[in-house]
Every structure is written in structure tokens, then in C-alpha cells.
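FYI, side chains are in, hydrogens and waters are out, and symmetry mates aren't considered; it's all heavy atoms of this structure.
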Amino acid sequence: MGFFDRFRSKPKDVWEGAYHAEPHGYQNEEGQTILSIALSAETDTVLPQDPKRMYKIKGEDADDFRLCFVARGNVIADLPFYSCIHALSAYVQELRDPYVLLRGISEDEMRNIIEETQKQIAGRQASRGAFEKNLEFIGQESVTPETVNRVFDPEKVQLFTFEDVRFPTGSIIVSDPICYLGTDYVTYLKQIIPAGKYPVTISSVKTELLGTRIAGMKMKITEETPVSYRMADAYMYKDGFRKDAFSGFGVDAGMAAFCDERTAEAYREYNDRWHEEHPDGNFYDDHLAELFAQSYEQYPDLQREGGDFIRYTIPDTEYEMVMAATGFGDGFYSVFWGYDEKDRPAELVTLFISPDLF
């Protein structure tokens with residue numbers, strides 16, 4: 001070290017000159033405990049990365065965490081802390097767990113952050129409200145032709161049809177192909193249709209809140225127009241005996257499939273062999289995902305990146321099915337037969353999303 005080195009100033013640690021924001025606790029009119037943290041314009045500020053993990057009041061978790069935006073001595077907004085994280089990320093200088101250092105943010109930048117966050121909050125609230133209403137929609141025990149027509153209305157949605165899908169026995173299954181189709185929990189529809197080939201149509205809807213989603217699936221059985229719809233009666237096998245089952249199907253992997261009973265048997269056999277050959281594998285990630293990705297490359301305007309629907313042929317067989325994402329994902333979805341004027345099945349329908357809500 002040279003003689004003058006001892007007089008040379010050390011680089012200033014930007015953390016030392018920053019304001020370390022500490023939470024202030026209070027109770028609102030509803031008696032909820034709130035922790036509020038202030039962020040002032042033009043001030044380098046150290047914030048906790050995860051205040052919920054770091055702070056408690058008298059040993060208890062707070063009910064809410066707020067970020068208070070201050071400019072020229074005035075509070076200009078008070079927003080949920082965790083809702084602001086994305087908008088603040090552009091102003092991060094450095095992370096030192098469990099804190100983050102933000103550079104001084106101008107008042108104009110702060111107002112942009114507030115506006116972006118408020119839009120995100122409003123979008124989530126609208127999405128949550130629409131989701132709750134959609135649960136009522138998919139939980140209906142009866143639907144009208146007008147309702148079905150709206151889900152498949154080409155003026156509201158985009159339609160894609162897989163022509164001549166094989167149904168070799170006419171015993172139909174609508175099921176989650178990842179979690180249930182290859183298991184003992186699959187349900188069969190009681191109504192039998194003539195064995196043959198039928199078109200299966202996908203309804204794709206573009207929403208402002210959720211982007212592109214699959215709104216429904218329909219199998220057309222005849223050229224007749226349905227005049228009424230009734231829930232499809234179903235059964236399953238338990239302990240070797242046929243038992244009545246709930247109409248509809250459960251979804252735990254965000255997917256649905258229309259297929260024939262014989263196709264389901266072939267699928268189960270192939271699925272079992274595949275898992276024997278790939279004991280640590282994931283059937284979707286390691287086998288199906290590439291097919292869905294190819295579907296997206298072919299039809300990017302009809303589905304989300306990664307793919308939402310495919311016509312799947314079981315390897316080394318002629319058996320096939322149509323798989324599609326179920327709109328909002330997991331849940332319980334109803335299945336309806338559409339009957340013509342002579343009370344004969346004209347189509348089979350399952351509905352995922354009401355386009356009217358979005």
C-alpha cells in the first residue's frame with residue numbers, strides 16, 4: 001500500500017445513504033391489522049422483499065400489507081404491497097436478502113407505477129368476478145340451445161373442427177386424459193350412438209382478461225339441429241360392477257378428451273407400457289407436450305403458446321381422440337346431449353367458458 005492510499009476515500013456504499021423503510025402498524029375501521037410501508041419520491045429506499053415473512057405484530061400475522069406512495073410530503077396512493085412488486089422491479093438497484101434497494105423514483109415515474117398497479121388490481125378483480133360467474137355457468141344442470149349456440153357462435157369465437165374422428169364402438173367417454181382416462185375412475189356415457197366417424201369442434205375465444213381460451217367442445221352426430229339439451233347420464237365400474245355415476249367429469253390436469261370406450265382401453269394399455277419404460281417420466285411433459293407445441297405452431301391464433309388442443313392417435317394403433325384445455329382449468333364440467341325434434345341425439349357438448357362474461 002502506498003503512503004497516500006490511506007487517505008484515498010473508499011467507494012460509498014449506496015445502501016448506507018438510502019432510507020430504510022420500516023413498517024407502521026395500525027388497525028382499519030373493520031378491525032384488521034395493517035402494516036404500511038412508505039416509499040417517498042426522489043429517495044433511494046431499502047424495502048423488505050417479503051414483509052409478510054419478516055414482520056409480525058405481537059407475534060401475529062398482519063391481515064394486509066400496504067405500500068404508501070409519498071410525493072412532496074403528500075400521500076398520493078396507498079396500494080397492496082405485493083401488487084406493486086412487478087411495477088417496482090424496473091427500479092431495483094441491488095438485492096441483499098431479505099431487502100431490496102430501489103433507486104430514487106421521480107414523481108412522474110411513481111404515478112406511472114401507481115397507474116400500472118391499479119390496472120393490474122382492477123384486472124384481477126374483474127377476472128375473479130368473471131371466474132365466479134363462470135363457475136355458475138359450467139355448473140348448470142340444464143342448458144338451452146341459445147346458450148350452446150353462443151359458446152359456438154362464429155361471430156364471438158373461432159371454431160376449429162377435427163373431421164372424421166373415429167368412435168369404433170359408439171360408447172363415449174368424456175374425461176380428463178391425464179388424471180382419469182387411464183384409471184378406474186373414468187366414467188362412461190349411458191347413451192350409445194352408432195359406431196363411426198364424427199367431427200369434433202373446438203371453440204376458441206379471445207378474452208381481454210385471460211387471453212385465448214378454449215370455451216367448449218362439441219361432437220356432431222347428425223345433421224339435425226338440437227332443440228333441447230339434457231345432462232348425459234353416466235356410469236362407472238366399481239369392484240367389477242357397473243354403478244351410476246355423476247353426470248359430467250372431474251378435471252385435475254386442465255384437460256378434457258372426447259373418445260370411444262375402445263380408444264380408452266388402448267390408451268390405458270399404452271399409458272401403462274409407457275410408464276413401465278419411463279419409470280421416472282411424466283407422460284404429459286415427455287410425450288404429449290411436443291404434440292401440443294406442434295399444434296400451436298400450426299394454429300397460433302386459436303390457442304395459447306404451448307398448445308391447447310390436439311388430435312391424438314395412440315402410437316401403433318388407429319385409435320384416436322381429441323384433447324383440449326378446459327378454459328379455466330381444473331374443476332367439474334357437465335356434459336350434455338343435444339336432442340333433435342324426434343328426441344334423437346344430434347350432438348354431444350361440454351362447455352368451459354361463457355363468452356358473454358368476457
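Heavy atoms only, all atoms of each residue included: A256 and F249 are closest at CB-CE1, 3.6 Å. The shortest non-hydrogen separation linking S334 to Q140 is OG-O, 3.5 Å. Between T263 and I314 the shortest heavy-atom distance is O-CD1, 3.4 Å. Nearest heavy atoms, G170 versus D260: N-OD1, 2.9 Å. Closest approach of Y229 to V349, counting heavy atoms only: CE2-CG2, 4.1 Å.
Looking at Y82 and D50, their side chains do bring a donor and an acceptor atom within 3.5 Å of each other. At a cut-off of 3.5 Å, with distance as the only test, no side-chain donor of E265 or Y319 sits close to an acceptor on the other residue. Side-chain contact annotation: Y312 with H287, donor-acceptor N/O pair under 3.5 Å present. Judged purely by distance below 3.5 Å, without hydrogens or angles, the side chains of Q303 and S295 pair a donor atom with an acceptor atom. If you check the side chains of N134 and S354, you find no donor sitting under 3.5 Å from an acceptor.
Here I114 contributes atom CD1 and L67 contributes atom CG; the two are 9.0 Å apart, rounded to the nearest 0.5 Å. From L39, atom CG reaches atom CD1 of I113 across 7.0 Å, with rounding to the nearest 0.5 Å. With rounding to the nearest 0.5 angstrom, the CD1 atom of I172 is 5.5 Å from the CH2 atom of W337. Rounding to the nearest 0.5 Å places CG of L288 at 7.5 Å from CE of M255.
Within 6.0 Å of CZ on R72 lie no more than 12 heavy atoms contributed by other residues, nucleotides or ligands. Within 6.0 Å of CD on Q298 lie more than 12 heavy atoms contributed by other residues, nucleotides or ligands. For Q294, the CD atom counts as densely surrounded, since its 6.0 Å shell holds more than 12 non-hydrogen atoms of other residues, nucleotides or ligands. More than 12 heavy atoms of other residues, nucleotides or ligands shown are found within 6.0 angstrom of NZ on K56.
Relative orientation of the Y180 and Y185 rings is perpendicular, given thresholds of 30° and 60° on the angle between their planes. In this pair, H20 and W15 present their aromatic rings tilted. The plane angle is within the 30 to 60° band.
Using a cutoff of 4.0 Å between basic side-chain nitrogens and carboxylate oxygens, D164 and R166 are not scored as salt-bridged. Between K119 and E115 there is a salt bridge, since a side-chain N of the basic residue sits under 4.0 Å from a carboxylate O of the acidic one. Classification of E107 and R111 as a salt-bridged pair holds, one side-chain N sitting under 4.0 Å from a carboxylate O. Comment: D184 engages R268 in a salt bridge, judged by a side-chain N to carboxylate O separation of less than 4.0 angstrom. D63 and K52 are not joined by a salt bridge, as no carboxylate oxygen comes within less than 4.0 angstrom of a charged side-chain nitrogen. Under the 4.0 Å criterion applied to side-chain N and carboxylate O atoms, R230 and D343 are assigned as salt-bridge partners.
Both tests pass for R242 against the ring of Y235: distance under 6.0 Å to the centre and angle within 45° of the axis. Taking the centre and axis of the six-membered ring of F152, the NZ or CZ atom of K218 falls inside the cone set by 45° and 6.0 Å.
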Could you please spell out the steps behind the side-chain hydrogen bond (donor to acceptor under 3.5 Å, both in side chains) verdict for S83 and T117? CA-CA 6 Å; S83 296; T117 302; over 6 Å; no

